[in-house]
Amino acid sequence: MGAALQVTAFGLALLSTLFLLLATCTDCWMVNADDSLEVSHKCRGLWRECVTNMQDGVRTCDQYDSILADHPVKIVVTRTLMITADLLAGLAVPTLLLGLDCITFLKEDPCAKLKLCYGAGVTLGAASILGLTGSMWYAVDMYVERAMLVSHNVFLGVHYDFGWSCWLGMAGSTGCFVASVLLTCCLY
């Protein structure tokens with residue numbers, strides 16, 4: 001039973017780490033919601049803004065000036081939280097791999113393998129909290145910004161919704177949390 005939980009937690013941790021990395025690197029955290037009136041599809045991300053022409057499929061992207069340039073707080077905080085979550089989840093996966101019962105590393109010391117699994121679970125829990133905080137921070141800030149514009153009767157011509165990168169960040173964080181619970185609570 002323990003080996004099956006370990007392998008399940010490892011698979012979930014690996015997939016969730018991949019989701020977190022993809023969410024951080026991709027550029028569709030916000031997408032324009034009204035495609036019926038637009039001739040282009042706009043995506044905004046943490047690193048750049050891209051526009052795809054719907055008629056000919058040409059995609060152009062504008063990189064943000066610099067990592068150190070003045071950016072909105074939601075972008076800076078989300079970048080920081082997501083990169084930290086990526087690093088923690090990336091550290092937890094090899095640690096968990098070494099702690100699996102089916103791996104011969106430290107086979108003579110089951111207590112050390114147990115500590116590796118538990119440590120990976122705690123690290124995945126921290127990564128899930130940071131990733132979910134970053135994804136939710138971005139989503140809530142975007143929602144509040146849109147609500148403020150609507151309450152002041154400001155129409156910018158483009159209505160943005162949560163993009164697939166934001167959802168991917170939330171899914172990756174949730175998967176890391178479930179893997180953390182499996183490793184820290186259910187395994188022992």
Side-chain angles (χ1 to χ4, degrees), residues 1-31 33 43-48 67 73-144 160-188:
M1 177 79 171
L5 277 176
Q6 282 181 343
V7 171
T8 302
F10 176 74
L12 188 58
L14 188 63
L15 184 66
S16 299
T17 301
L18 179 67
F19 281 3
L20 282 174
L21 286 169
L22 284 173
T24 304
C25 297
T26 54
D27 55 359
C28 274
W29 282 74
M30 291 172 34
V31 294
C43 284
R44 285 188 184 173
L46 302 177
W47 310 103
R48 61 188 178 170
I67 292 176
V73 174
K74 78 175 169 187
I75 289 181
V76 174
V77 169
T78 304
R79 280 180 182 174
T80 305
L81 291 170
M82 293 302 290
I83 289 172
T84 307
D86 293 344
L87 292 173
L88 287 174
L91 175 68
V93 168
T95 304
L96 177 58
L97 182 63
L98 292 175
L100 292 176
D101 288 337
C102 58
I103 302 296
T104 59
F105 180 75
L106 292 175
K107 195 68 167 178
E108 65 281 349
D109 192 3
C111 185
K113 289 182 91 56
L114 191 65
K115 287 180 182 177
L116 283 173
C117 285
Y118 188 75
V122 170
T123 307
L124 282 170
S128 72
I129 291 170
L130 292 174
L132 200 56
T133 303
S135 300
M136 293 302 292
W137 171 281
Y138 194 92
V140 167
D141 191 62
M142 185 182 74
Y143 177 77
V144 168
Y160 285 98
D161 268 342
F162 306 133
W164 60 269
S165 296
C166 189
W167 292 112
L168 202 60
M170 290 180 200
S173 300
T174 304
C176 282
F177 179 75
V178 171
S180 172
V181 168
L182 286 176
L183 290 169
T184 57
C185 299
C186 299
L187 191 59
Y188 312 110

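It should be emphasised that the depicted structure is a prediction, and the values quoted were computed from it without experimental measurement.
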Next on the checklist: Quick one, Phe19 with Ser173, criterion side-chain contact (heavy atoms from CB on, under 4.5 Å). Give me CA distance, side-chain angles, the key distance, then yes/no.
Outcome noted: CA-CA 8 Å; Phe19 281 3; Ser173 300; over 6 Å; no

Next on the checklist: Between Thr184 and Tyr118, is the side-chain contact (heavy atoms from CB on, under 4.5 Å) condition met? List the steps.
Outcome noted: CA-CA 6 Å; Thr184 57; Tyr118 188 75; 3.9 Å; yes

Item to check | Intermediate values then yes/no, side-chain contact (heavy atoms from CB on, under 4.5 Å), Asp27 and Trp47 | outcome: CA-CA 7 Å; Asp27 55 359; Trp47 310 103; over 6 Å; no

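The minimum heavy-atom distance linking Leu96 with Ala13 is given by the pair CD2-CB, 4.3 Å. In terms of heavy-atom proximity, Ala179 sits nearest to Leu12 at N-CD2, 3.7 Å. Between Met82 and Leu20, the shortest heavy-atom contact is CE-CD2, 3.8 Å. Closest non-hydrogen pair, Ser16 versus Gly172, comes out as CB-O, 3.3 Å. The two atoms that bring Ala85 and Gly131 nearest to each other are CB-N, 3.6 Å, heavy atoms only. Closest of all the heavy-atom pairs between Leu88 and Leu130 is CD1-CD1, 3.7 Å.
Partners of Thr133 under the side-chain hydrogen bond (donor to acceptor under 3.5 Å, both in side chains) rule, at least two apart in sequence or in another chain, do not exist in this structure. Here Ser165 pairs with Thr26 under the side-chain hydrogen bond (donor to acceptor under 3.5 Å, both in side chains) rule; sequence neighbours left out.
Under the 3.5 Å distance criterion, the side-chain polar atoms of Ser180 are left unmatched by any main-chain donor or acceptor of Val122.
Note that OH of Tyr138 is 10.0 Å distant from CZ of Arg79, once rounded to the nearest 0.5 Å. Taking CZ of Arg44 as the reference point, atom CE of Met142 lies at 10.0 Å (rounded to 0.5 Å). To the nearest 0.5 angstrom, Leu18 atom CG is 8.0 Å from Leu168 atom CG. Between the CG atom in Leu22 and the SG atom in Cys28 there is a gap of 12.5 Å [rounded to 0.5 Å]. In this structure, Ile83 CD1 and Thr78 OG1 are separated by 10.5 Å, a value rounded to the nearest 0.5 Å.
Other residues, nucleotides and ligands place more than 12 heavy atoms under 6.0 Å from the CH2 atom of Trp164.
A heavy-atom distance below 4.5 Å is found between the side chains of Phe10 and Val93.
Identified under the side-chain hydrogen bond (donor to acceptor under 3.5 Å, both in side chains) test for residues 84-95, with sequence neighbours left out: Thr24-Asp86.
None of Ile129, Leu124, Leu132 except one satisfies the side chain to side chain contact (heavy atoms under 4.5 Å, CB included) rule with Cys176; the exception is Leu124.
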